[in-house]
Structure formats: C-alpha cells, structure tokens
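Worksheet: the structure to be examined is printed underneath.
Just follow the structure's listing: the first ligand is 1, and inside any ligand the first atom is 1. Numbers for residues simply follow the sequence, beginning at 1.
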Amino acid sequence: MNFDTLRYRSGCLELLDQRRLPGNIEYLKLRSAEEVAKAIREMAVRGAPAIGCAAAFGIAVEAMRTRHREGFRGEMEKAFEMLSKSRPTAVNLFWALERMRRILDQVEEQDEVAMLLEKEAESIFEQDIRDNLKMGENGSALVPEKCNILTYCNAGALATAGHGTALGVIRSAASRGKAISVVACETRPFLQGARLTAWELEMESIPATLICDNMAGYLMKKGEIDLVIVGADRVAANGDVANKIGTYTLAVLARRHDIPFHVACPTSTIDPDTPNGEAIPIEERNGSEVRGYNGIEWAATGISVRNPAFDVTPSELVTSLITEKGVIMFPDDKKISALLAS
Ligand code: MRU
C-alpha cells in the first residue's frame, strides 16, 4: 500500500480525505477535536476501526492544543462530547474514546497526561494493524484455493489503520498464493465499493470486477460467487451484525443460494453491552446523498428520501465471525462471550 489512511505527527492528525478518492490524494491536517469530529461526520475518514483511531487521535490533538490552558479539563470534556456525537453506529468510536478516557482520568499533570494520551492513540492505531494482520491469517483458512469472493462497501486499509478486515482477509489469502478474484459491489449511496475497494484492489493487482448492488443476486444464482466476506460496524452480544446498508440483503441472498457469508472484524467491534441488533443505533444520513452525488442531483425534485446508513444482519445468517482472537462458526451469545473472555 502506498498511502496512509491516517498518520499522526506531534499535535497534528493527517487524514487521507476519502471523499476525494480515487481521483485525488489529499491529506487533511487536523489540529483540534472539533476538526476531527467534522472529518468523521462528513466521511473524510470512515470505516469502523479507522473512525476509532481518528477519534483517539482527536483526543490526543486536543490535549496537545490545550495542555497549557487553565480550562484544560473542560476543553477535554467538550472534545469527548463532540467526538462521541460524530457518528452513532460504529462501536469502535466509543471503544477508543473509553480507552482515552481511562488515561485522562488517571493522571493529574496536564503535560504528562497529554503525552500519555498521544501514546494511547498511537497504541490503538498499532493494535488495529496487528489485529487486522492476525484476522487475515485466521480468515485465510476459510478461503478456498481458487474462488470468487463478493465483498461490500470498503472494509480495507482505508477503513482501518491498515491492511483491512474483510479486504484484509482477501489480501492475506491472495498473498498466500490463492487464486482469488473479487466482486466489489459499488455500495450506494456513498460508493465506497466503486471508489475505495476497487481502488485498493487495483493497487494490489488482485483481479476484481465492479457490479451495481442490485446485480449480486443474479451472479449468485448463476453460480459465480463462492463466498461473501464483509466487515462490521458493531456486532451485538448475540452475534447480530450492523454493517453498511445492503449487507442484510446480501446475507439473505447468500443463504438462499447456499453461499457462505463471513464477517471479519476485530473484537473492538463486538459490543457486549448491546444485547442484539434491535438495540444498535442506526445512523440516518442526509437525503442529499441519495438524491445525487458530488453536487449532481438526479432525483425528481421534492421526492422524499430515506437514507439509513447501516442495516442489521441477524446472526442466524452469519456463517462465521473472523476476529484476531480466532474464528467463530455460526456465532451466538455463548460463543461470543467465550471469545471475548479468551
Ligand atoms: O459509512 P462507512 O463507510 O463508515 O461504513 C463502513 C462499513 O460499513 C464497513 O463495512 C465497516 O465499517 C467495516 S470497516 C473495516
């Protein structure tokens, strides 16, 4: 990979602006929690683990910016509040903020705590890369020697600190010499598949074909898809999976056609405090994303629009959950709590 999704240089978070991809490689330089929260909300950075890393660095940059001020603790509270409201579904955001909160609460001295917050954010970032590589190793075992894999949205290096979750498994399997080809769904309305996954696969020279989302069933029926691998934004305690809107449709189609449906995510995406999919908050985004793209509107003026950004796939449709701690076949609450305790 010849890009960094995020990189931190003392007091400054540099974010690859994913809204501009694949045409333009531009890094935003962010020096306050407010700027980072805006970048998350407006999808300059997206994908559950990458959002978690960005939020952690958002706290670090804010601590560096305000560490010599009298109102330091108050500024930090505002930073946590802003970042926690940036996007609601990916639990990695809250998981990372909780880790940062523990550090803030432990140390009184401002300079020292700012330095420790920087370190913690860097450690969250590094852990994510390690977890993704391990997930790739664990998930490769489920990938046949020669196969056609359908994936959805972007669960690649761009959605994480590096390597990726679902795309990480594909990357790892390809690097082990497996003859893989990928079908990437374009992923309306934000086109993460067409713009980001296709770009990553092209760069890695992994054979890939782009389809519109509504073509998946046709290809499955024709026997052209061997397995599906997707990422996740939050996995509930019972194994229900929230992921990009349209994932549920694919899971239903995969079951209908007897195709394995795998979900790859680090354990930081599993939320033991959310009992089931019904309890996962689903983000509703602005209707303008459905009416058009990038300033071009094609919908009939005045038509009302829905834009839920995620849906929930019930655990009964999930063949396996691939994590850095291991793979669970047919996940349920017992298997998940055993995994988290391991
Ligand atoms: O709205 P996005 O682009 O943040 O949604 C991303 C997804 O749904 C991904 O599949 C998920 O976060 C997993 S990324 C490793």
- R234 side chain near P281 side chain, heavy-atom distance below 4.5 Å: yes
- Query: Between the candidates I40, D233, T89, which shows the shortest non-hydrogen contact distance to atom 11 (C) of ligand 1?
  - Reply: D233
- Query: Heavy atom of Y152 under 4.0 Å from ligand 1?
  - Reply: no
- What atoms of ligand 1 come within less than 4.0 Å of a heavy atom belonging to Q192? 1 (O), 2 (P), 3 (O)
- Indicate yes or no for a side-chain donor-acceptor contact from D213 to the backbone of T187 under 3.5 Å, with no hydrogens or angles considered. yes
- Just which atoms of ligand 1 are under 4.0 Å from any heavy atom in P49? 14 (S), 15 (C)
- Here the atoms of ligand 1 under 4.0 Å from any heavy atom belonging to T165 are 15 (C)
- For ligand 1, which atoms sit closer than 4.0 Å to a heavy atom of N243? 7 (C), 8 (O), 9 (C), 10 (O), 11 (C)
- Item | Exercise: do R99 and Q127 side chains pair donor with acceptor under 3.5 Å | yes
- Note on the structure: Short version for A155: what comes under 4.0 Å of ligand 1, heavy atoms counted, is both
- Taking atom types as modelled and ignoring hydrogens, do the side chains of Q18 and R46 form a donor-acceptor contact shorter than 3.5 angstrom? yes
- For the atom pair CD (E26) and CG (L16), what is the distance rounded to the nearest 0.5 Å? 9.5 Å
- Query: Is ligand 1 under 4.0 Å from a heavy atom in the side chain of C265, in the backbone, in both, or in neither?
  - Reply: neither
- Note on the structure: A student comparing K244, E283, R285, R46 should find that the heavy atom closest to atom 1 (O) of ligand 1 comes from K244
- Message: Can you confirm whether D233 sits close enough to T269 that some side-chain heavy atom of one is under 4.5 Å from a side-chain heavy atom of the other?
- Response: no
